[in-house]
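See structure below.
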Amino acid sequence: MFIFILQGLLLWSRDSGTVHFNNRAQSNPTYDFTSHPRFICTPMPVDADPSCFPNAGATSGEEAKATILHLRESLVQQKEIILDQRETIRELTAKLALCEGFGHATNNDHHHALNSHHAPAVGHHAYADNGHHSNHQARHLLFVILTYFLSSGSGRMNPDGFLISFPMRTNYMYGRMKKTLLQEIFAFTLCLWIKPGMGPGLGTPFSYSAPGQSNEIVLIEWGNNPIELLIDDKAVTLPLTLTDGRWHHVCVTWSTRDGHWEAYQDGVQRGSGVGLSSWHAIKPGGVFILGQEQDTLGGRFDATQAFVGEMSEVHLWSHVLTSSDIHSLSTCSSHLHGDVFAWTEGEVELHGGVTRHSYDTCH
């Protein structure tokens, strides 16, 4: 059971004989897996409108050639990672068998094993030296050791850790949250980890379209315009800076009372104000879309407003989080889950070639 939990998270060092915490399995330490675009070849339907696929002709042929080259490179690198993970499984299997052998040892043997791995004290457990309890004792010992190494990593482990990647600016790549609002709400907090890609503007990481209002909630940076938060098609400029190509934690809050809003970057409030759609109620029954701005309910996307990059840990609450809660989320000292929707693999539908990859933002 532990092997499947730890696959891709722990690498055993043959040189030192100790377990090292690692948030990403890598076969090449100089390769940054998240820095390379990931492309998925999506066939064009026979009856598709060619205008939906921009830069057709010679330009699209050059882009297709570049895409194929990147895809080949990614496949080779992923094959290397798979081979490395197989080796990790074999090594962990051997270590598990070794640890199970500790069950036949004496109390002093157990004490020595813990000290030799620099693990914490496990309390006043009495390990009976008999065959009936040996297997249970060995697995308990292994659990203590693994818990120590997991907890010694930076931040807290997120069991649902993954990111989604938008490798290019299109009008057909998007993510859709399966849930919707069942009733109107009068406040919200939207938080997400985001790593913008190359190109002008951030695009649209998040949009919520409701019946009768396509711009009910939108987070957008279009072209040379600043980052804006739209509520009921009314906009305010957010004093956020996300142009360095690094991961950032972003939160925006809003309340119908006086239309009060706040914007946070990496746990620090960067700005606030009032008058944004005061006394408005967020309408239920809409569609939550990641990566595209909606001109109609759940569709009619514009490639120039599309998001390029990676995002993770997208959560939406039906109330305003405190500044302390937001800071805790940004530093990974807590893992609050949104009550409107939370970031789980079963919650997000991916379309048009958006890819999902294991990733822990708290690394």
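Being a predicted model, the structure only gives us computed values, none of them experimental.
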Are [X] and [Y] close enough that some pair of their side-chain heavy atoms sits under 4.5 Å apart?
| X | Y | result |
| --- | --- | --- |
| Asp339 | His319 | yes |
| Val340 | Thr180 | no |
| Leu163 | Trp193 | no |
| Glu221 | Glu228 | no |
| Val250 | Leu240 | yes |
| Ser330 | Tyr264 | no |
| Lys179 | Glu347 | yes |
| Val268 | Asp266 | no |

Worksheet item: Considering the options Ile185, Thr189, Ile282, which one meets the side-chain contact (heavy atoms from CB on, under 4.5 Å) requirement together with Trp254?
Response: Ile282
Worksheet entry | Among Leu219, Thr237, Ile220, Val236, side-chain contact (heavy atoms from CB on, under 4.5 Å) partner for Ile227 |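 The side-chain contact (heavy atoms from CB on, under 4.5 Å) with Ile227 is passed solely by Leu219 among Leu219, Thr237, Ile220, Val236.
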For [X] and [Y], test the side chains for any donor-to-acceptor distance below 3.5 angstrom and give the result as yes or no.
| X | Y | result |
| --- | --- | --- |
| Asp232 | Gln213 | yes |
| Asp325 | Thr322 | yes |
| Ser214 | Asp295 | no |
| His280 | Ser278 | no |

Discussion item. Salt bridge check, Lys283 against Glu184: does any charged N sit closer than 4.0 Å to a carboxylate O?
Written reply: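 Looking at Glu184 and Lys283, the cut-off is not met.
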Worksheet entry | Atom pair CZ (Phe166) and CE (Met173), whose distance is rounded to the nearest 0.5 Å |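 Between Phe166 CZ and Met173 CE, I get 9.0 Å after rounding to 0.5 Å.
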Discussion item. To the closest 0.5 Å, what do you measure between NE2 (His249) and CD1 (Ile194)?
Written reply: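 If I round to the nearest 0.5 Å, the distance is 11.5 Å.
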Discussion item. For Tyr208 and Leu316: C-alpha separation, side-chain torsions, deciding distance, then whether side chain to side chain contact (heavy atoms under 4.5 Å, CB included) applies.
Written reply: CA-CA 11 Å; Tyr208 174 64; Leu316 184 67; over 6 Å; no
Worksheet entry | Trace of the side chain to side chain contact (heavy atoms under 4.5 Å, CB included) decision for Ser209 with Glu216 | CA-CA 5 Å; Ser209 177; Glu216 189 71 351; over 6 Å; no
With a cut-off of 6.0 Å (strictly less than), are more than 12 heavy atoms of other residues, nucleotides or ligands near [atom1] of [X]?
| X | atom1 | answer |
| --- | --- | --- |
| Trp261 | CH2 | yes |
| Asp244 | CG | yes |
| Arg257 | CZ | no |

Worksheet entry | Check against side chain to side chain contact (heavy atoms under 4.5 Å, CB included), Ile289 and Thr204 | CA-CA 9 Å; Ile289 294 291; Thr204 309; over 6 Å; no
Discussion item. Tell me if the aromatic rings of Phe341 and Phe288 count as close, with their centers under 6.0 Å from one another.
Written reply: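 Centroid distance Phe341-Phe288: below 6.0 Å, so yes.
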Practice prompt. Indicate, with yes or no, if the rings of Trp279 and Phe186 have centres closer together than 6.0 Å.
Written response: no
Worksheet item: Can Arg356 and Glu345 be said to form a side chain to side chain contact (heavy atoms under 4.5 Å, CB included), step by step?
Response: CA-CA 9 Å; Arg356 185 195 324 262; Glu345 293 200 36; 3.4 Å; yes
